[in-house]
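Quick note on labels: first sequence line is chain A, next is B, and so on, each numbered from 1.
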Number of protein chains: 2
Amino acid sequence: MPWDLKPDRPIYTQLIEQIQLNIFSGVYPLGSKLPSVRDLAQEAAVNPNTMQRALAKLEEDGLIITHRTSGRSITEDANMVKLARNRLAKEQIAEFLEKMKLMGFEKQETLTLITTMLEEMKK
Amino acid sequence: MPWDLKPDRPIYTQLIEQIQLNIFSGVYPLGSKLPSVRDLAQEAAVNPNTMQRALAKLEEDGLIITHRTSGRSITEDANMVKLARNRLAKEQIAEFLEKMKLMGFEKQETLTLITTMLEEMKK
DNA sequence: ACTATTGTATTAAGCGCTTAATACAATAGT
DNA sequence: ACTATTGTATTAAGCGCTTAATACAATAGT
C-alpha cells in the first residue's frame with residue numbers, strides 16, 4: 001500500500017488516518033494480522049517508534065488488538081469498527097461546534113451555514 | 001472588559017477571538033477608537049507584541065483600521081463586518097469538512113451526522 | 001534450550017511556533 | 001520645535017511536541 005506522508009503535519013497522525021481508512025474500507029480485513037511495527041515502519045519509511053505511536057492510538061480506539069509477542073491484528077468485531085468510526089466523527093463534530101461557538105456562532109446558525117454552503121457547492 | 005486567557009492555547013489566538021466577538025456583538029462599536037497596543041496589552045496582562053499580533057490579523061481581515069501614529073479604530077463598514085464574520089465561518093467549515101474527508105466521511109454523510117447529532121442534543 | 005522476532009519504555013535531540021525584549025520610525029499635540 | 005505617544009521590525013529565548021536512538025522484556029518457533 002502507498003504511504004502518503006506530507007511534512008506539514010505530524011507523521012503519526014497521518015499514519016493513524018491512513019490505517020484507519022484501511023480498516024474502515026476493508027483493505028485490512030477484520031481479524032487479519034498486521035505486519036510487525038518494524039515492518040510497517042520500514043514500509044512507510046518511518047521510525048518504528050512513530051509507527052508504534054500510531055498503532056497505540058488505534059488500539060486505544062479498539063480497532064486493533066495487540067498480542068504482546070506475536071504481533072497485532074485488526075479487531076474481529078465489525079460493530080466495534082462501526083462504533084469507532086462513529087465516535088471519531090462525533091469527536092470532530094463536537095470540536096468543530098466548539099470552535100464555532102468561540103467565534104460566536106450558535107449550533108443552529110452553524111447548521112444553517114453549513115447546509116447552504118453545501119448547497120452552493122453542488123452547483 | 002474581562003480578558004479570559006487560558007494557558008492551553010496560544011494567547012494571540014484567544015485575543016483575536018475575543019476582540020472579534022466584541023466587534024461582532026457591538027461592544028466595540030463601528031468606527032470607535034481602540035486603545036493603543038500598549039494599553040490593550042496592559043489591560044489584558046500581555047506583552048505588547050502579542051497584542052500587536054492579534055490586531056495585525058484583525059486588520060488583515062478588514063475589521064480594524066490602523067492609522068500609523070494615531071492608533072487604530074474599528075471599521076465603519078457594517079457590511080465588511082458581516083462579510084468577515086461569514087468568511088471566517090466558511091473557513092472553519094471548509095477545514096472541518098476537509099478533516100472529515102480525511103477520515104473517510106463524504107460531505108453528505110457528514111451533514112447527516114451533524115444533523116442527527118444536533119437533534120439528539122435537543123432532547 | 002536458544003534465537004529471532006514481537007512489542008515497549010526511556011530518554012534525548014530537533015524543530016517550529018509563541019512570546020518577549022529591545023530598538024526604531026513616524027507624527028499628533030502642545 | 002519638542003516630546004510623548006503611536007505602530008512596527010528584528011531578534012532571541014522558551015517551550016512543547018514530534019521524532020529518533022537505544023536498550024529492554026517477553027515469547028513463538030525451531
Side-chain angles (χ1 to χ4, degrees), chain A residues 3-20 23 28 31-76 91 95 99 102, chain B residues 3-20 23 28 31-76 91 95 99 102:
Chain A
W3 295 90
D4 175 23
L5 300 173
K6 292 174 185 167
D8 62 337
R9 285 184 310 138
I11 297 177
Y12 81 97
T13 52
Q14 301 184 59
L15 293 177
I16 291 173
E17 286 169 1
Q18 295 182 30
I19 300 174
Q20 258 175 11
I23 297 176
Y28 290 155
S32 66
K33 198 163 178 315
L34 273 178
S36 75
V37 223
R38 287 173 179 77
D39 287 352
L40 277 173
Q42 188 167 33
E43 190 185 318
V46 142
N47 186 283
N49 283 303
T50 307
M51 183 57 76
Q52 162 77 15
R53 180 163 183 181
L55 294 176
K57 171 64 160 59
L58 294 173
E59 183 179 12
E60 190 187 312
D61 288 345
L63 289 174
I64 68 185
I65 292 171
T66 301
H67 308 102
R68 197 60 177 78
T69 59
S70 64
R72 286 180 238 245
S73 54
I74 310 296
T75 179
E76 296 188 350
E91 282 173 16
E95 194 180 299
K99 266 194 208 162
L102 281 178
Chain B
W3 294 91
D4 176 22
L5 299 173
K6 292 173 184 166
D8 62 336
R9 286 183 308 139
I11 298 177
Y12 81 97
T13 53
Q14 301 185 58
L15 294 177
I16 291 173
E17 286 168 3
Q18 296 182 29
I19 300 173
Q20 258 174 11
I23 296 176
Y28 290 154
S32 66
K33 197 161 177 317
L34 273 177
S36 75
V37 222
R38 287 172 179 78
D39 287 352
L40 278 172
Q42 188 167 32
E43 190 185 317
V46 143
N47 186 283
N49 283 304
T50 307
M51 183 57 75
Q52 162 78 13
R53 181 163 183 180
L55 295 176
K57 171 66 160 59
L58 293 173
E59 183 178 13
E60 189 186 313
D61 288 346
L63 289 175
I64 68 185
I65 293 171
T66 302
H67 308 101
R68 199 58 177 79
T69 59
S70 64
R72 286 180 239 247
S73 54
I74 310 296
T75 179
E76 296 187 350
E91 282 173 17
E95 195 180 297
K99 266 194 206 162
L102 281 178

Dot-bracket summary - DNA chain D, pairs being Watson-Crick or G-U whose distances fall under 3.5 Å, with | when paired to another strand: ||||||||||||||||||||||||||||||
What residues form a side chain to side chain contact (heavy atoms under 4.5 Å, CB included) with [X], not counting sequence neighbours?
X      : value
K33(B) : none
A44(A) : W3(A), L15(A), V46(A), M51(A)
S70(A) : H67(A)
D39(B) : P35(B), S36(B)

- request: Residues of residues 51-63 of chain B with any non-hydrogen atom less than 4.0 angstrom from an atom of DNA chain C: list those, numerically ordered, please.
  value: R53(B)
query: Which sits closer to the 5' end of DNA chain C, S70(A) or N49(A), going by the nucleotide each is nearest to?
result: S70(A)
- request: With DNA chain D as reference, determine whether Y12(A) or R68(A) sits nearer its 5' end, using the nearest nucleotide of each.
  value: Y12(A)
task: Tell me, please, which residues at least two apart from E91(B) pass salt bridge (charged side-chain N to carboxylate O under 4.0 Å, His left out).
output: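 E91(B) satisfies salt bridge (charged side-chain N to carboxylate O under 4.0 Å, His left out) with R87(B) once adjacent residues are dropped.
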If the condition is side-chain hydrogen bond (donor to acceptor under 3.5 Å, both in side chains), which residues does [X] pass it with, not counting sequence neighbours?
X      : value
R68(A) : none
R38(B) : none
T66(A) : E59(A), R72(A)
E95(A) : K99(B)

query: Of all nucleotides in DNA chain D with an atom under 4.0 Å from a non-hydrogen atom of chain B, which is the first and which the last going 5' to 3'?
result: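 The contact span of chain B on DNA chain D goes from dT6(D) to dA9(D).
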query: Atom CG in L34(B), atom CD1 in I64(B): separation rounded to 0.5 Å?
result: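 Going from CG on L34(B) over to CD1 on I64(B), the span is 6.0 Å.
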